[in-house]
Amino acid sequence: MAQGMIEVEQKFVPWPETEERLQELGGTLEHRVTFRDSYYDTPELSLMRADHWLRQRENSGWELKCPTTAGVSGLHTEYLELTAEPAIVARLYEVLGAEVLGTGGVTAVLGTLGLQKVASFVTKRSAWKLVLSTADKEDAPLRVDLDTADFGYAVGEIEALVHKEAEVPSALEKINKLSSMLGVLAQERAPAKLIVYLQRFRPQDYQRLLEVTAPEKPQGTKDTENSLG
């Protein structure tokens with residue numbers, strides 16, 4: 001499998017003052033953007049139930065989020081992000097247990113693998129970056145995305161991208177620090193936009209995800225009802 005970046009993240013419910021607080025902390029607004037995400041899976045949600053998330057972002061391409069050995073740790077999630085289509089296709093065949101039939105991009109194998117669109121929505125995003133410590137010039141900035149989906153759900157995400165598992169603890173420490181500085185409650189949980197979309201518009205599919213046993217629960221489904229408040 002081709003190498004990808006490891007995404008370590010924590011989702012939270014943003015406040016009206018969140019952007020103002022980011023500015024106070026020295027954060028920089030990189031851009032405001034609107035985009036459509038479409039998610040694909042089998043009718044049985046074979047990918048999502050295996051904690052794999054296949055997404056096509058309009059004018060941006062395909063991405064497959066895959067679980068790492070750590071997966072979900074407390075309030076945080078950790079995923080390997082694949083964006084190279086050959087790596088995505090190879091992983092799809094592996095997860096779905098399908099026989100490899102020729103080569104091609106993701107679009108070319110959707111029908112072969114029985115994958116169909118299960119969700120599609122538009123997001124308005126404010127993308128911020130912030131370096132917590134100026135003492136370390138090599139310190140990579142944390143990213144903070146503030147999203148509002150077109151079905152009325154708002155969620156924030158603090159994210160760090162690392163190259164290897166050994167860098168994850170340091171990334172988690174920085175995320176925890178920034179989370180506290182933003183006033184995020186210690187035990188606050190916020191589900192992913194996709195999970196809320198399924199809960200509202202495809203409740204049967206949402207229930208399928210909840211049926212996954214606890215160690216395999218997909219991103220955002222743990223304590224979903226409580227986190228929605």
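Atoms considered below: every heavy atom in the structure, side chains included; atoms not considered: hydrogens, waters and symmetry mates.
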Exercise for review: State, to 0.1 Å, how close Pro191 and Val196 come at their nearest heavy-atom pair, and which atoms those are.
Suggested key: CG-CG2, 3.6 Å
**Study point:** Residue pair Leu22, Leu146: steps toward the side chain to side chain contact (heavy atoms under 4.5 Å, CB included) verdict
**Key:** CA-CA 11 Å; Leu22 283 167; Leu146 303 177; 4.3 Å; yes
**Study point:** Pairwise side-chain contact, Cys66 with Leu82, heavy-atom cut-off 4.5 Å (strictly under)
**Key:** yes
Review point. Does a side-chain heavy-atom distance below 4.5 Å link Glu78 with Glu165?
Key: yes
Check your understanding: With the 4.5 Å side-chain cut-off for hydrophobic clustering, are Val106 and Phe35 part of the same group?
Key -> no
Point to revise | Side-chain donor or acceptor of Arg202 paired with backbone N/O of Tyr197 under 3.5 Å | key: no
Review point. Atom CH2 of Trp128 and atom CD of Glu19: how far apart are they, to the nearest 0.5 Å?
Key: 5.0 Å
Review point. What are the two closest non-hydrogen atoms of Lys174 and Leu132, and how far apart are they?
Key: O-CD1, 3.4 Å
Point to revise | Ring centre gap for Tyr40 and Trp53 strictly below 6.0 Å | key: no
Practice item. Enter the distance from Gln207:CD to Gln199:CD here, rounded to the nearest 0.5 Å. Key: 8.5 Å
Review point. Between CD1 of Ile158 and CD1 of Ile175, what distance do you get to the nearest 0.5 Å?
Key: 7.0 Å
Review point. Should Arg143 and Glu30 be marked as a side chain to side chain contact (heavy atoms under 4.5 Å, CB included) after you check the CA-CA gap, both sets of side-chain angles, and the distance that decides it?
Key: CA-CA 10 Å; Arg143 303 189 65 87; Glu30 288 197 296; 2.6 Å; yes
Review point. Should Lys193 and Thr123 count as side-chain neighbours, where that means a heavy-atom distance under 4.5 Å?
Key: yes
Practice item. Go through the steps for Lys65 and Leu80 under the test side chain to side chain contact (heavy atoms under 4.5 Å, CB included), then give the verdict. Key: CA-CA 6 Å; Lys65 285 190 178 184; Leu80 179 67; over 6 Å; no
Check your understanding: Is Thr18 reaching over with its side chain to a backbone N or O of Trp15, donor-acceptor style, under 3.5 angstrom?
Key -> yes
Exercise for review: Evaluate the side-chain proximity of Asp41 to Leu54: yes if any heavy-atom separation is below 4.5 Å, no if none is.
Suggested key: no
**Study point:** Rounded distance [0.5 Å steps], OG in Ser38 versus NZ in Lys117
**Key:** 4.0 Å
Check your understanding: Any sub-3.5 Å donor-acceptor pair from Glu167's side-chain atoms to His163's backbone N or O?
Key -> yes
Practice item. Find the distance between NE2 (His52) and CG (Leu96) and round it off to the nearest 0.5 Å. Key: 9.0 Å
Exercise for review: Check whether any side-chain heavy atom of Leu115 sits under 4.5 Å from a side-chain heavy atom of Leu47, and report yes or no.
Suggested key: yes
Revision key, fill the gap. When every non-hydrogen atom of Ser126 is compared with those of Leu29, the smallest separation belongs to CB-CD1, 4.2 Å
**Study point:** Evaluation steps, side chain to side chain contact (heavy atoms under 4.5 Å, CB included), between Arg57 and Arg36
**Key:** CA-CA 6 Å; Arg57 179 160 293 173; Arg36 176 176 290 277; over 6 Å; no
Exercise for review: Please tell me if the side chains of Ile6 and Val8 come closer than 4.5 Å, counting only heavy atoms from C-beta onward.
Suggested key: yes
Check your understanding: Between Arg208 and Glu44, what is the shortest heavy-atom contact and its length?
Key -> CD-O, 4.2 Å
Check your understanding: Is it the case that more than 12 heavy atoms not belonging to Glu24 sit under 6.0 Å from its CD atom?
Key -> yes
**Study point:** Inter-residue atom distance Leu161.CG - Glu9.CD, 0.5 Å rounding
**Key:** 9.5 Å
Review point. Any chance CD of Gln116 has more than 12 other-residue heavy atoms, nucleotides or ligands included, within less than 6.0 Å?
Key: yes
Practice item. Ignoring hydrogens and angles, tell me if any N or O in the side chain of Asp150 forms a donor-acceptor pair with the backbone of Val122 under 3.5 Å. Key: yes
Check your understanding: Applying the 4.5 Å side-chain criterion to the ILVMFWY set and letting contacts propagate, would Leu172 and Met181 be lumped into a single cluster?
Key -> yes
Practice item. Answer yes or no: is there a side-chain heavy-atom contact under 4.5 Å between Phe151 and Arg200? Key: yes
Exercise for review: Grab the two heavy atoms, one from Pro67 and one from Asp51, that are nearest each other, plus how far apart they are.
Suggested key: CD-O, 3.1 Å
Review point. Heavy atoms, side chains only, cut-off 4.5 Å: are Val155 and Thr148 in contact?
Key: no
Check your understanding: Any idea which heavy atoms bring Leu194 and Ala119 closest together, and the distance?
Key -> CD1-CB, 3.5 Å
